[in-house]
Amino acid sequence: MLALTDTAAPMAAVLADWTERGWLRPIDGAFAAFLRHEVPAAPPLLILAAALASHQLGRGHVCLDLAATLADPAFALSLPPDGAEPAPAERLPGAVLRTVTLEAWLAALRCEALVGHGDGASPLVLVGHRLYLRRYWQYEQAVRQGIDQRLRTPVELPEAPLRQTLAALFPPPAAGTADWQRLACALAARSAFSIVTGGPGTGKTTTVVRLLALLQALALADPARPRALRIRLAAPTGKAAARLNASIAGAVTRLPLDTLAHGESIREAIPRTVTTLHRLLGSRPDTRRFRHHPGNPLALDVLVIDEASMVDLEMMATVLAALPPRARLVLLGDKDQLASVEAGAVLGELCARAAAGHYTPATAAWLAQATGGALDTALIDPAGTPLDQAIAMLRVSHRFHADSGIGQLAQRVNDGDVDGVEALWQRGATDLTRLAGAECTEAGFRTLVIDGGAPPGQRRGYRHYLETLHRQRPALTAAPEAFDAWAQQVLDAHAAFQLLCALRRGPWGVAGLNPRIAAALHEAGLIAATEGWYAGRPVLVTRNDYGLGLMNGDIGIALELPDATAQGWTLRVAFPAGERGAGIKWVLPSRLQAIETVFALTVHKSQGSEFEHVALALPETPTPILTRELLYTGITRARAHFTLLSPGAVHVQRHAIEKRVQRDSGLMSVPESAA
């Protein structure tokens with residue numbers, strides 16, 4: 001029988017079928033058709049590889065790993081996707097590829113018109129058994145080039161002022177111990193590229209503020225040219241920027257600068273305003289281009305990016321390209337969180353060796369002299385790379401104490417300790433709740449989302465913010481400032497509880513849970529409607545709107561304000577002012593073009609946020625998107641209480657803990673000579 005991969009017509013039919021079924025995105029099918037039109041003689045296996053490479057970008061991969069795809073097509077490609085209609089067995093990826101060998105696939109890619117190895121302008125680039133769309137191969141090369149160039153950039157640090165400033169900023173470490181915040185400051189100060197990573201509550205914000213104080217102190221004390229550094233703070237989303245904005249001012253105020261010369265000048269030289277990366281770079285609507293680029297670099301000496309796990313490969317390449325050659329770049333983030341929805345897992349890949357340190361003996365000796373702290377010998381590696389020397393992992397959580405159930409659960413999930421997680425659930429903890437299998441009743445679900453669960457009063461659900469909305473609303477004749485203050489109260493109350501989902505579709509995804517929650521709240525008399533616009537409707541912005549100053553991920557709540565006549569009420573949506581500081585941004589509902597109701601929020605969209613009580617709903621059956629990183633990210637959004645909803649019983653949780661995110665990339669394989 002003729003294999004589907006032997007001639008162009010059957011392969012075109014397969015790709016058309018996969019696109020029609022929704023297995024491939026329309027853009028994937030269109031890309032394959034374009035290449036087939038440009039080079040009609042292109043081998044069918046090449047066209048298939050091109051379509052799948054494009055498909056993998058939509059799943060967060062930077063490239064298509066040919067060997068992994070042949071070894072397990074269903075796992076590598078996640079085709080067909082969850083919820084897809086049954087298809088003929090001969091059209092499944094495994095059947096299409098069952099007679100293909102890696103050698104045959106690589107041979108089919110020997111087509112200079114479409115596939116290159118770096119040089120030239122071919123649309124595809126093959127490196128070993130990884131196939132890239134050229135643009136993403138270029139991004140990967142650019143990121144490594146930008147990082148390696150900064151790692152090679154010499155940074156001169158005056159030893160005595162460095163030690164004195166660190167001693168002023170940090171209490172002396174106990175004998176034979178390491179203060180990782182202090183060590184992180186020292187490591188970051190000696191490199192033009194650095195990463196400070198750590199879990200929730202490990203003090204990343206405190207550390208970076210003290211790092212900036214250290215850098216400003218050294219700059220202001222420079223005898224040759226004393227001047228303050230130009231520092232900018234940025235985050236991937238408006239929500240993440242607002243959160244850092246709220247915490248950084250207090251951290252700057254608390255800096256112990258009394259014993260330092262120019263102490264108050266140092267404090268004043270540390271910025272307190274955080275912007276989004278898109279605003280920093282000067283994004284241009286409806287284009288991938290930015291105002292800042294190599295020909296028009298950013299006017300700064302130091303750039304700090306918070307929540308760097310959310311920065312995708314393309315954005316990281318864009319940032320590095322826009323930096324002046326000698327500017328410092330500092331990345332902050334939790335390496336174990338979910339990566340960006342877009343292609344690449346840059347922070348996770350860069351920090352893959354962070355837990356084990358890999359500091360050279362020379363770095364360990366320098367740190368001991370500069371900080372007075374000693375590294376554990378297990379973290380010392382004579383073969384450590386230059387990148388290893390620029391990464392500091394904060395290892396002590398100040399949010400979750402030893403007896404914190406949330407902290408223990410997050411750590412055990414992160415370690416892949418399935419039995420340890422189950423033992424923790426069985427032992428119980430005051431800040432943890434689980435509803436699994438038959439326990440996920442409709443009555444239990446409604447009690448959870450309305451009141452925070454049973455017994456009532458111990459945790460908060462959505463009733464809290466809705467009662468704040470109704471009870472605290474100012475009188476019709478109140479001043480505008482009163483309505484701003486009320487809106488802030490409602491937004492703060494809303495942050496007390498959030499239901500998170502692993503999926504968008506299905507009964508336990510966003511699409512199924514949002515109407516279900518709205519119905520429960522309506523029946524409880526807390527909202528006036530379940531569809532359209534109504535007071536109390538929480539909405540999520542799903543696309544950047546530069547005209548309104550709203551960013552993808554911003555959350556607002558519909559509230560009633562006095563109308564133009566001051567005789568009645570009209571709806572407006574209240575958003576936090578976000579990166580621009582305190583205050584409320586009021587928007588007409590009719591002006592919001594890309595929003596969705598957000599009683600239920602995906603874990604991906606929750607990154608950069610924290611809530612007092614988080615409930616995480618897992619699907620009824622295992623799914624490729626359900627991973628250890630997703631579970632860990634959902635757990636660590638909670639400050640005080642975490643509830644797990646697992647309607648499919650315990651085995652779904654077990655599957656998530658055992659499965660790690662795998663994103664195909666060659667970022668850490670780019671040789672230094674190529675970078």
Side-chain angles (χ1 to χ4, degrees), residues 143-144 146-163 165-167 169-199 202-204 206-208 210-212 214-215 218 304 308-309 328-336 346-397 411 414-415 667-672 675:
V143 168
R144 278 308 300 268
I147 291 174
D148 290 345
Q149 178 262 318
R150 280 176 168 73
L151 291 173
R152 292 192 296 265
T153 299
V155 175
E156 295 184 6
L157 287 177
E159 292 185 9
L162 173 67
R163 289 196 301 271
T165 307
L166 285 171
L169 292 170
F170 294 95
T177 65
D179 178 346
W180 277 100
Q181 293 188 13
R182 187 181 189 130
L183 291 169
C185 282
L187 282 170
R190 75 198 290 254
S191 178
F193 173 81
S194 58
I195 299 175
V196 178
T197 186
T202 50
K204 295 186 290 293
T206 299
T207 301
V208 78
R210 296 191 182 196
L211 168 63
L212 298 181
L214 170 64
L215 295 177
L218 297 177
V304 176
S309 63
R328 293 174 179 265
L329 176 61
V330 182
L331 304 182
L332 300 181
D334 186 344
K335 68 181 180 62
D336 298 312
V346 179
L347 186 73
E349 290 184 73
L350 294 175
C351 294
R353 291 157 53 95
H358 296 285
Y359 299 114
T360 63
T363 296
W366 182 87
L367 283 171
Q369 182 178 19
T371 70
L375 287 178
D376 188 318
T377 55
L379 301 178
I380 299 175
D381 176 8
T385 67
L387 177 61
D388 293 328
Q389 316 313 302
I391 300 175
M393 178 176 164
L394 305 180
R395 299 160 191 263
V396 178
S397 176
Q411 185 60 55
N414 205 22
D415 292 341
L667 181 63
M668 301 308 295
S669 302
V670 177
E672 188 170 344

Query raised in the report: Under a 4.5 Å cut-off applied to non-hydrogen side-chain atoms, are Pro382 and Thr360 in contact?
Result: no
Query raised in the report: Looking at CZ of Arg353 and CG of Asp381, how far apart are the two atoms once the value is rounded to the nearest 0.5 Å?
Result: 6.0 Å
Report summary line: CG of Leu667 to CD1 of Ile147, rounded to nearest 0.5 Å, is 6.5 Å
Requested in this report: Kindly indicate whether the side chain of Ile380, heavy atoms from C-beta on, has any atom under 4.5 Å from the side chain of Thr363.
Outcome: no
Query raised in the report: With a 4.5 Å limit on heavy-atom distance, are the side chains of Val330 and Phe193 in contact?
Result: no
Query - Test log, rule side chain to side chain contact (heavy atoms under 4.5 Å, CB included), inputs Val304 and Leu212 - result: CA-CA 9 Å; Val304 176; Leu212 298 181; 4.0 Å; yes
Query raised in the report: Do the side chains of Glu159 and Gln369 get nearer than 4.5 Å, heavy atoms only?
Result: yes
Query raised in the report: Can you find a heavy atom in the side chain of Arg328 that is under 4.5 Å from one in the side chain of Leu215?
Result: yes
Query raised in the report: Which distance, rounded to the nearest 0.5 Å, do you find between the CG of Leu350 and the CD1 of Ile195?
Result: 4.5 Å
Requested in this report: Please name the pair of heavy atoms, one in Leu367 and one in Ala186, separated by the smallest distance, quoted to 0.1 Å.
Outcome: CD2-CB, 3.9 Å
Report task. Decide side chain to side chain contact (heavy atoms under 4.5 Å, CB included) for Tyr359 and Asp376; before the verdict, give the C-alpha distance in whole Å, the side-chain angles of both, and the deciding distance to 0.1 Å. Result -> CA-CA 10 Å; Tyr359 299 114; Asp376 188 318; over 6 Å; no
Query raised in the report: If you draw the axis of the six-membered ring of Phe170, does the NZ or CZ of Arg210 fall within 45° of it and under 6.0 Å from the ring centre?
Result: yes
Report task. Answer yes if the side chains of Ser191 and Ser194 hold a donor-acceptor pair under 3.5 Å, and no otherwise. Result -> no
Query raised in the report: Mind checking whether Arg163 and Thr371 have side chains closer than 4.5 Å, heavy atoms only?
Result: no
Requested in this report: Give a yes or no on whether the backbone of Gly203 and the side-chain of Thr206 come within a donor-acceptor separation of less than 3.5 Å.
Outcome: no
Query raised in the report: So, does Arg395 use its side chain to make a donor-acceptor pair with the main chain of Ala355 at under 3.5 Å?
Result: yes
Query raised in the report: Atom CE in Met393, atom NZ in Lys204: separation rounded to 0.5 Å?
Result: 10.5 Å
Requested in this report: Check the side chains of His358 and Asp388 for a donor-acceptor pair under 3.5 angstrom, ignoring hydrogens and angles.
Outcome: no
Query - Any side-chain heavy-atom pair of Leu183 and Leu375 under 4.5 Å - result: yes
Query - Closest approach of Ala370 to Leu162 (non-hydrogen atoms, all atoms of both residues) - result: CB-CD2, 4.0 Å
Report task. Using modelled atom types only, decide if a donor and an acceptor are shared between the side chain of Arg182 and the backbone of Leu169 within a distance under 3.5 Å. Result -> no
Requested in this report: Please report the shortest heavy-atom distance between Ala192 and Val155, naming the atom on each side.
Outcome: N-CG2, 3.8 Å
Query raised in the report: Taking all atoms of both residues into account, what is the closest heavy-atom pair of Leu166 and Cys185, and its distance?
Result: CD2-CB, 4.1 Å
Report summary line: Here the pair of heavy atoms bringing Trp180 nearest to Leu394 is O-CD2, 3.5 Å
Report task. Check whether any side-chain heavy atom of Thr197 lies under 4.5 Å from a side-chain heavy atom of Asp336, and answer yes or no. Result -> no
Report task. Mind listing the closest non-hydrogen atom pair of Leu218 and Pro158 along with its distance? Result -> CD2-CG, 4.2 Å
